[in-house]
Amino acid sequence: MPELPEVEHVRRGLEPKVIGEIITGVTFSDKVHSGKQNGKETIIKGIDLQTFKDHVMGSTISQIDRRSKYLIFTIENEGRTQFIISHLGMSGAYFVVDHIDDIGIPNYMNHWHVELALQSGKKLIYSDIRRFGEMRLIDRLEDARQIMAIAPEPFNIEAEAHFLEQLDLKKWQKKPIKEAVMNHSVISGCGNIYACEGLHAAGIDPHRPVSSLDEASRKHLFQALVHALEEGILYGGSSISSYRNVEGESGQMQTRFKIYGRKTCGTCGSDVQTAVIAGRNTHYCTICQK
Ligand SMILES: [Zn+2]
């Protein structure tokens, strides 16, 4: 599943290609049409397809932001501002191409779901093999409840205080620390991979109940998680879980992992242990993490 670093790379890739473009056409795949008819809301959520089309056509893409793992496209049309909030789900990807064949990766060419024609003649295409991703058109960001509930961006000054405050809540005390750090109300954008890496870097066993960690360990952990996310951005995200950036490339971060997806610990060489915590496969080292 793309995490914060991967989504940030998608945003950075899209920005120079689509800012200032006017959307001149909207086409949906058969799966999006049939999903809507069957009440499954495939990709396009909370709005009927014709209304989505009517609102989006003729709008200019003026800004692309990221909040946690969500992309936020600001679109403007004759003084009216709206937002498309998009989540890549497990395997979503955006491409900007002249023709769908230019994507060059069969899975993404075959599984395109939304095509926005742009005034320049290019096409902004959303592809998604497993179709867990989404696009929502909203009038006000305050209406995006899923975004409003997210912790501050981890790189913002207030994020550490928020993290410490959340870990003090009663509901987390008996829970494994890994479950808490994967929750987006505690720290934003830190999914399974970066939670494993951050806990490893901080030397903390992912099973430890939150209440067993003192203030210094919690601060140390926060910094380790932020560092893991920053490194992820620096190395272009990872190629785990079929992530592709706008150029169809995967990232290099997986070569930097010390624990996630490895057989032996990148620090001490011991065998990596696995356990399921909060439904996610967790990798850790019993020598380095206590
Ligand atoms: Zn180790």
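Just the heavy atoms: all of them, side chains too, but no hydrogens, waters or symmetry mates, feed the values below. When a ligand or atom number is given, it counts from 1 through the structure's own listing order.
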Can you list, pair by pair, the side-chain donor-acceptor contacts under 3.5 Å of residues 55-62, counting residues two or more places apart and other chains?
{"residue": "His55", "atom": "ND1", "partner": "Gln82", "partner atom": "OE1", "Å": "3.3"}
{"residue": "His55", "atom": "ND1", "partner": "Gln82", "partner atom": "NE2", "Å": "3.1"}
{"residue": "Ser59", "atom": "OG", "partner": "His55", "partner atom": "O", "Å": "3.1"}
{"residue": "Ser59", "atom": "OG", "partner": "Val56", "partner atom": "O", "Å": "3.3"}
{"residue": "Ser62", "atom": "OG", "partner": "Thr74", "partner atom": "O", "Å": "3.4"}
{"residue": "Ser62", "atom": "OG", "partner": "Glu76", "partner atom": "OE2", "Å": "2.9"}

Requested in this report: Quick one: pull up CG in Leu116 and OH in Tyr94 and give me the separation to the nearest 0.5 Å.
Outcome: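 Answer rounded to 0.5 Å: 7.5 Å.
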Query raised in the report: Looking only at side chains, do Ser120 and Glu21 share a donor and an acceptor under 3.5 Å apart?
Result: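 Glu21 and Ser120 do have a side-chain donor-acceptor pair below 3.5 Å.
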Query raised in the report: Taking atom types as modelled, is there a side-chain donor on Thr51 or Asp54 under 3.5 Å from an acceptor on the other?
Result: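 No, no side-chain donor-acceptor pair sits under 3.5 Å.
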Query - Asp30, CG: over 12 other non-hydrogen atoms inside 6.0 angstrom - result: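 Not buried by this count: 12 neighbours or fewer within 6.0 Å.
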Query - Pair Thr42-Lys31, side chain to side chain donor-acceptor pair (under 3.5 Å): steps then yes or no - result: CA-CA 7 Å; Thr42 307; Lys31 287 277 185 207; over 6 Å; no
Query - Protein N/O/S neighbour count - the Zn ion (ligand 1), strictly under 2.8 Å - result: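 For the Zn ion (ligand 1), protein nitrogen, oxygen or sulfur atoms under 2.8 Å: 4.
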